[in-house]
Number of protein chains: 2
Amino acid sequence: MIISQNDIRTRFKAQGLKVTPQRAAIYKALAETTSHPTAEALFQQVAKDYPMISPNTVYYTLSTLKNVGLVKEVNYWHDRTRFDANVTPHHHLICLDCRAIFDIEDRSLNQIRQKAKIPKDFQVLSHQVEFYGYCSSCQKAQARQPSSSSRHSHIQSTRRKP
Amino acid sequence: MIISQNDIRTRFKAQGLKVTPQRAAIYKALAETTSHPTAEALFQQVAKDYPMISPNTVYYTLSTLKNVGLVKEVNYWHDRTRFDANVTPHHHLICLDCRAIFDIEDRSLNQIRQKAKIPKDFQVLSHQVEFYGYCSSCQKAQARQPSSSSRHSHIQSTRRKP
DNA sequence: ATCCTTGTTAGGAATCATTCTTATATAGCA
DNA sequence: TGCTATATAAGAATGATTCCTAACAAGGAT
Ligand SMILES: [Mn+2]
Ligand SMILES: [Mn+2]
Ligand SMILES: [Zn+2]
Ligand SMILES: [Zn+2]
């Protein structure tokens, strides 16, 4: 999903943010992927065009964008933090093997709050549904190699928490 | 909810785990609270009875118990990892202010998987619903002090990620 | 009851994602 | 074209978790 510099400019201005090349590049990279990348992955991506960018800038920028509501943090299944520029309410599929995160487009899941039996003294503002299982790639890989795992494409799982 | 040494022994044996005092104490502490504590909190609790216990043992033990299915990890809203000895499918309320985690007992939430529109090539094994908002304590605190936050009981949020 | 084997524990060091600090640079406005 | 508040970059610091290793101790076997 391509996003124009003008859209980026408009969104930043609307939030009172300066439009810098690094910030625009980070947001663009995040907005144009569906992979819910880590800060590190975004750093790698943006560094292709801005070799001098620092990881720090990516962290700072993501934090800023989060504060103004242009970005959401996602941190499922004890992985490092992952980010999403899709800030409309939606839900996720998480692969237990490769840890890929996929969007679900099912508006009906946005309604469960109305029916759920929630203690009346808790004020609910939002909710989130996550489905855990195996993506199609990982199912195939397991059929072939019914032992360990996580050896194919997607986002890679850089060790930590085996 | 009290749990007897015999229950603990039985559950450990059923999983082929040795029954050590430290391990039993950690599991007991977790099973008898509803607070979804951190490893650190469990360490503090167990250290009352076992002053020589190391944080390492708590991490190792929780990892072991998780591997055999006696404990679940919970890691909502970019906090450090929290643990739950309630391994039956259930869902959570998370306070955005004090970060307390409360169980929801609503079996109907266990059924949403059947109705949800999930890509047929993704094999779903489990799902999880989280509701975010403010607990009653925090609502009261905000009514009093409509500024910052997180200044009352519950589990405490030890800095990190303000 | 005692011995053995193997999983467990404790302590300390190491890892590494994230945050903090600070000096320099620059977007946006007068 | 300058001013000023923000943003960036580099490096150090933080802190939860993991790794490593030697000493311990359940629990089955003798
Ligand atoms: Mn998403
Ligand atoms: Mn729970
Ligand atoms: Zn997968
Ligand atoms: Zn609260």
Side-chain angles (χ1 to χ4, degrees), chain A residues 5 8-10 12-27 37-44 46-47 49-68 70 73-75 77-83 99 155-162, chain B residues 5 8-10 12-27 37-44 46-47 49-68 70 73-75 77-83 99 155-162:
Chain A
Q5 285 303 319
I8 294 174
R9 172 170 294 272
T10 305
F12 284 7
K13 293 274 186 186
Q15 302 301 329
L17 298 180
K18 288 185 183 172
V19 184
T20 69
Q22 294 95 328
R23 181 176 282 169
I26 292 165
Y27 181 68
T38 60
E40 159 76 10
L42 286 169
F43 169 72
Q44 300 288 350
V46 173
D49 291 321
Y50 297 87
M52 297 309 292
I53 199 168
S54 79
N56 223 317
T57 299
V58 177
Y59 282 109
Y60 175 88
T61 299
L62 289 170
S63 170
T64 302
L65 294 175
K66 175 166 67 89
N67 288 338
V68 301
L70 283 173
E73 275 189 7
V74 154
N75 190 5
W77 193 44
H78 26 93
D79 204 350
R80 66 189 105 163
T81 304
R82 297 168 73 152
F83 295 87
R99 304 190 181 187
I155 275 287
Q156 98 286 340
S157 54
T158 28
R159 72 211 95 48
R160 189 170 218 207
K161 299 264 192 177
Chain B
Q5 285 302 320
I8 293 175
R9 171 170 294 272
T10 305
F12 284 7
K13 293 272 186 187
Q15 303 300 330
L17 298 180
K18 289 184 183 173
V19 184
T20 68
Q22 294 95 327
R23 180 175 283 169
I26 292 165
Y27 182 69
T38 61
E40 159 75 9
L42 285 169
F43 169 72
Q44 300 288 350
V46 173
D49 292 320
Y50 298 87
M52 298 308 294
I53 199 169
S54 79
N56 224 315
T57 299
V58 177
Y59 281 110
Y60 176 89
T61 299
L62 289 170
S63 170
T64 303
L65 294 176
K66 175 166 67 92
N67 288 337
V68 301
L70 282 173
E73 276 190 7
V74 153
N75 189 5
W77 194 44
H78 27 94
D79 205 349
R80 66 188 106 162
T81 304
R82 296 167 74 149
F83 295 87
R99 304 189 182 189
I155 276 286
Q156 98 287 338
S157 54
T158 30
R159 72 215 96 47
R160 192 173 216 205
K161 299 265 194 174

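What you see below is based on every heavy atom in this structure, not just the backbone, and it leaves out hydrogens, waters and symmetry mates. Only a predicted model underlies this, so the values are computations on that prediction, with no experimental measurement involved.
- To the nearest angstrom, P of D:dA26 lies 20 Å from CD of B:Gln15.
- Within the 4.5 Å cutoff, side-chain heavy atoms of B:Leu70 are placed close to those of B:Gln15.
- In this structure, A:Glu73 places its CD atom 11 Å from C1' of C:dT18, rounding to the nearest Å.
- The residue among B:Met52 and B:Gly16 whose nearest nucleotide of DNA chain C lies closer to the 5′ end is B:Gly16.
- Taken to the nearest 0.5 Å, the CD atom of A:Gln22 stands 5.5 Å off from the CD1 atom of A:Ile53.
- When distances are taken from the side chain of B:Asn56 to each of C:dG12, D:dG11, D:dA9, the shortest belongs to C:dG12.
- Of the inter-residue distances, the one linking B:Leu42 atom CG with B:Tyr27 atom OH reads 12.5 Å to the nearest 0.5 angstrom.
- Remark: the backbone N or O of A:Tyr60 is paired with a side-chain donor or acceptor of A:Thr64 at under 3.5 angstrom.
- Across the protein-nucleic acid pair, A:Phe12 atom CZ and D:dA7 atom P stand 11 Å apart, rounded to whole Å.
- Rounded to whole Å, the distance from CD1 on B:Ile8 to C1' on D:dA26 is 16 Å.
- Against DNA chain D, the stretch residues 57-67 of chain A makes heavy-atom approaches under 4.0 Å through A:Thr57, A:Tyr60, A:Thr61.
- Under 3.5 Å, the side chains of B:Thr57 and B:Ser54 contain a donor-acceptor pair of N or O atoms.
- Distance from the side chain of A:Thr81 is smallest for C:dT18 among the nucleotides D:dA9, C:dT18, C:dA10.
- Considering only the side chain of A:Arg23, D:dT8 comes nearest among D:dA10, D:dT8, C:dT8.
- In this structure, B:Phe43 places its CZ atom 14 Å from C1' of D:dA16, rounding to the nearest Å.
- Heavy atoms only, all atoms of each residue included: A:Thr38 and A:Phe83 are closest at C-CD1, 4.4 Å.
- In this entry the distance linking OH of B:Tyr50 with C1' of D:dC24 reads 15 Å, nearest Å.
- Rounded to whole angstrom, the span from the CD atom of A:Gln44 across to the C1' atom of C:dA17 amounts to 14 Å.
- Atom CZ of A:Arg23 sits about 8.5 Å away from atom CD1 of A:Ile26, to the nearest 0.5 Å.
- Between B:Gln22 and C:dA10 there is a side-chain N or O to OP1 or OP2 distance below 4.0 Å.
- Looking at heavy atoms from C-beta onward, B:Val46 lies out of side-chain contact with B:Val58 at the 4.5 angstrom threshold.
- In this structure a side-chain-to-backbone donor-acceptor pair under 3.5 Å is missing from A:Arg9 to A:Val19.
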When you check every protein heavy atom under 4.0 Å of nucleotides 22-30 of chain C, what one-letter string (B, S, -) results, 5' to 3'? -----BS--

